[in-house]
Number of protein chains: 2
Amino acid sequence: MASIKDVAAEAGVSVATVSRVLNDHPSVSEDARTRVLAAVQTLGYRPNAVARSLRTDQTRTLGLVISDVLNPYFTELARSVEEEARALGYSVIIGNADERPDLQDHHVRTLLDRRIDGLLVSPTDGGSPGMLDAARAGTPMVFVDRWIAGVDVPVVRADGRAAVRDLVAHLHGLGHRRLAIIAGPAATTTGSERVEAFREALAEYGIPLPDVYIGQGDFQAESGRRVTEGFLDLPEPPEVVFAADNLMALGALDAIRARGLRVPEDIALAAFDDIPWFVHTDPPITAIAQPTGELGRAAVRALIDRIEGRPPRSVTLPAHLVVRRSCGEPAPLPHSPVTNRSKS
Amino acid sequence: MASIKDVAAEAGVSVATVSRVLNDHPSVSEDARTRVLAAVQTLGYRPNAVARSLRTDQTRTLGLVISDVLNPYFTELARSVEEEARALGYSVIIGNADERPDLQDHHVRTLLDRRIDGLLVSPTDGGSPGMLDAARAGTPMVFVDRWIAGVDVPVVRADGRAAVRDLVAHLHGLGHRRLAIIAGPAATTTGSERVEAFREALAEYGIPLPDVYIGQGDFQAESGRRVTEGFLDLPEPPEVVFAADNLMALGALDAIRARGLRVPEDIALAAFDDIPWFVHTDPPITAIAQPTGELGRAAVRALIDRIEGRPPRSVTLPAHLVVRRSCGEPAPLPHSPVTNRSKS
DNA sequence: CTGAAAGCGCTTACAG
DNA sequence: CTGAAAGCGCTTACAG
């Protein structure tokens, strides 16, 4: 691979001059510029980003540590992050934590070792040691979607409270009174906040949220299945299951279907996070949609502000309810009346 | 951030010695080793990967350029790639081409500039200039899923021919005779191969594949919608639509539903690539499943073999048919008999 | 406008 | 076993 020395030799100038034309430095003669450019052409020269980074102490790279690449929500987030970063002249390296704190830590460390300029993270838990260290060490950092309290890092996220309230109103209007939730890990903000929002919304209707109706999931499909089975085994199973993310909703559907039950006739289902497939599931699933693309872009802007010395701002955007048929409305076709469980 | 010099000073040795203990070089006294390790501890020292890479001329990083992150198939592929790479001591940087040759080129260039040790690519088209250059320049490279003819690069992919034959047998057995396909870009191998496999399988039953039954898509949902609308507008619309990937199947469903038609009563649907949601769509979708995880792992192994000087091998794994209900079997419940289109 | 030189943080022959 | 020194490929004051 040709190096800057080769280009300098080919163009008959010093490496300093080559570097200057490559970096658009103003004081370069027109003659030198054209000769360097020609040499770059003939040699097919591309600057070594590793060397440049070592010298300038910046990589123009952002790290993004997400909780689960297999979750369409994060994959969409990742896409918008990369897009905005690219538009602003940065690359992004994604680390997938798979909802595992140890893996999250692995990626944070690796990313920091590579000297990324800043870190975007959606923490998997209360904060793995490596992440906390990074935050304390002053690494430019922004939390997206999930965040950690007590750490001085800007947060870009969606507020689902109003949407959850709308959801509960919708469910209440349909006559549902026994509502359960499949929660995410309590150590994660989206895990606990969604439960709290749900509890508060229920309280407005005088409906309690008993512990047996709070299933502990981990945002992955398998946990949705397990928790739902537990709900269905209850002496008084819930009429509605609200999954705190789309993957656990998938697991819930698996469990419900395995029992030969139907949605929404036997049990209603709603999910946090909307995905294109929810339109085509049987039945279409009522969900709370986040402005995912906006979140990703805002997070990148905040992080780059921080990196480039401008004051970063936290951003909170509203989520909204998308009503479909999985909770019982609008009066689904009354097919296959034989069910073994009925609403209260 | 502490550098190797700081550690050396703290431990009272030279930087060479620090480097040796960090790299497990045998000739270091026990005493020096413990002092260095202690210094590393107290300073929270982490080696600068950028400097190390510049010096050793290796980054222990693999580049993965995929066609579309929003496609669950690629996201699963990416996950298995990262997993296997991590197990073998490598990191991976993902570049998302969004099915755009120009973006693919951007990522290949950026990755090469970063001096990744090897490149895994699922080419978006016949080969963008940057990619071809890289292959010719001898960059360690392996094609996954899609490949480019005439380039001497190992290929790790699935062979869907047998599965497509099984699919056609299944469709023929259900009485379908007018079968259409939503193809991927002809410039991509999976785009053309799937059409050819389909055509050959149909030929075995004496069924032709007229041009009007070949819709040109680009592997993204919107094209599936557009092509399907075209099919439905035909004087003699097909009885079956086979989408060459899951995203175009999603678009097809959107289009079918927009017309108020039902699957499979009015039109059957099958897809290449299986995803968890296909179990829960209305109706569950018959699909051809690839051994995605295996492909990702095999591709990483081949690439690392190449990087580390061992002869890499191309790998072809079989895909298989997963029959569900979207093509008409097993005799779906006869609900809502009022349809405006019937089978031949 | 231009070049020689220092230096970013490492690793690794080389000499001892 | 250990350290001084060179060098990876760049960028950037500094001097001219």
Side-chain angles (χ1 to χ4, degrees), chain A residues 1-37 39-40 43-61 89 91 109-117 137, chain B residues 1-37 39-40 43-61 89 91 109-117 137:
Chain A
M1 214 147 229
S3 85
I4 197 173
K5 272 190 199 162
D6 303 313
V7 177
E10 172 82 15
V13 297
S14 72
V15 297
T17 298
V18 175
S19 177
R20 288 197 190 93
V21 350
L22 259 23
N23 293 291
D24 284 318
H25 187 98
S27 50
V28 183
S29 67
E30 206 37 58
D31 175 53
R33 179 179 310 278
T34 50
R35 268 159 50 216
V36 167
L37 260 18
V40 165
L43 295 177
Y45 171 73
R46 302 234 86 211
N48 182 330
V50 174
R52 190 191 295 230
S53 292
L54 178 61
R55 179 55 228 245
T56 61
D57 200 33
Q58 58 168 358
T59 51
R60 295 206 67 94
T61 300
S91 295
R109 289 232 161 78
T110 305
L111 257 10
L112 257 26
D113 287 351
R114 282 167 188 287
R115 300 300 190 265
I116 45 139
D117 294 339
Chain B
M1 210 149 229
S3 84
I4 196 171
K5 272 190 198 162
D6 302 314
V7 177
E10 173 80 17
V13 297
S14 71
V15 296
T17 297
V18 174
S19 178
R20 287 197 191 92
V21 349
L22 259 25
N23 293 290
D24 284 318
H25 188 98
S27 48
V28 183
S29 68
E30 205 38 58
D31 175 54
R33 179 179 310 280
T34 51
R35 267 158 53 217
V36 167
L37 259 18
V40 164
L43 295 177
Y45 171 73
R46 301 235 87 211
N48 181 330
V50 174
R52 191 193 296 235
S53 292
L54 178 60
R55 178 58 227 242
T56 61
D57 200 34
Q58 57 169 1
T59 51
R60 295 206 68 92
T61 301
S91 295
R109 289 232 160 77
T110 305
L111 257 10
L112 257 25
D113 287 350
R114 284 168 186 286
R115 299 302 192 264
I116 45 139
D117 294 339

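- Contact of B/Arg55 with D/dG9 (side chain to base): no donor-acceptor pair of N or O atoms is detected under 3.5 Å.
- Per the geometry, CD1 belonging to B/Ile4 stands 16 Å off C1' belonging to C/dG7, to the nearest Å.
- The nearest whole Å value for the distance from the CE atom in A/Met1 to the P atom in D/dC10 is 10 Å.
- Across D/dG3, C/dT2, D/dT11, the shortest atom-to-atom separation from the side chain of A/Arg52 is found for D/dT11.
- Residues A/Val15 and B/Ala16 each lie close to DNA chain C; by heavy-atom proximity, the contact nearer the 5' end of the strand is made by A/Val15.
- When heavy atoms are screened at a 4.0 angstrom cut-off, B/Ser19 is found touching base atoms of the nucleic acid.
- Rounded to whole angstrom, the span from the NE2 atom of B/His25 across to the C1' atom of D/dT2 amounts to 10 Å.
- Both B/Val18 and A/Val13 lie close to DNA chain C; mapped to their nearest nucleotides by heavy-atom distance, the more 5′-ward contact belongs to A/Val13.
- Listed nucleotides: D/dC1, D/dG9, C/dT11. Nearest to the side chain of B/Ser29: D/dC1.
- The separation between B/Gln58 atom CD and C/dT12 atom C1' is 14 Å, rounded to whole Å.
- DNA chain D is contacted by both B/Ala51 and B/Ser27; B/Ser27 maps to the nucleotide lying nearer its 5′ end (nearest heavy atom per residue).
- For the pair A/Asp6 CG and D/dC10 P, the computed distance is 9 Å after rounding to whole Å.
- Distance noted for atom C1' between C/dT12 and C/dG16: 16 Å (whole Å).
- The interatomic distance linking A/Asn23 (CG) with D/dT12 (C1') rounds to 10 Å, in whole Å.
- Between B/Arg114 atom CZ and D/dC8 atom P the separation is 23 Å, expressed in whole Å.
- Under the 4.5 Å side-chain criterion, counting only non-hydrogen atoms from C-beta, A/Arg20 is not in contact with A/Val13.
- Between the B/Asn48 side chain and the B/Val50 main chain, a donor and an acceptor come within less than 3.5 Å of each other.
- Nucleotide C/dA4: unpaired (no Watson-Crick or G-U wobble partner with both distances less than 3.5 Å).
- Nucleic acid contact for B/Asn48: sugar-phosphate only, since backbone atoms but no base atoms lie under 4.0 Å from a heavy atom of the residue.
- Note on A/Ser14: every side-chain N or O is 4.0 Å or more away from OP1 and OP2 of C/dA4.
- Among residues two or more places apart in sequence or in another chain, the side-chain contact (heavy atoms from CB on, under 4.5 Å) test is passed with B/Ala9 by none.
- The side chain of A/Leu54 sits closest to C/dC8 out of D/dT2, C/dC8, D/dC10.
- No side-chain heavy atom of A/Thr59 sits under 4.5 Å from any side-chain heavy atom of A/Arg114.
- Look at the P atom in both D/dT2 and D/dA6: the space between them is 22 Å, to the nearest Å.
- Using a cut-off of 4.0 Å between Lys/Arg side-chain N and Asp/Glu carboxylate O, B/Asp113 and B/Arg109 are scored as not salt-bridged.
- For B/Lys5 and D/dA4, the NZ to C1' distance is 13 Å, given to the nearest whole Å.
- A/Ser53 contributes a side-chain N or O that, together with a main-chain N or O of A/Ala49, makes up a donor-acceptor pair within less than 3.5 Å.
- Checking C/dT12, C/dC10, C/dA5 against every side-chain atom of B/Arg20, the shortest atom distance belongs to C/dT12.
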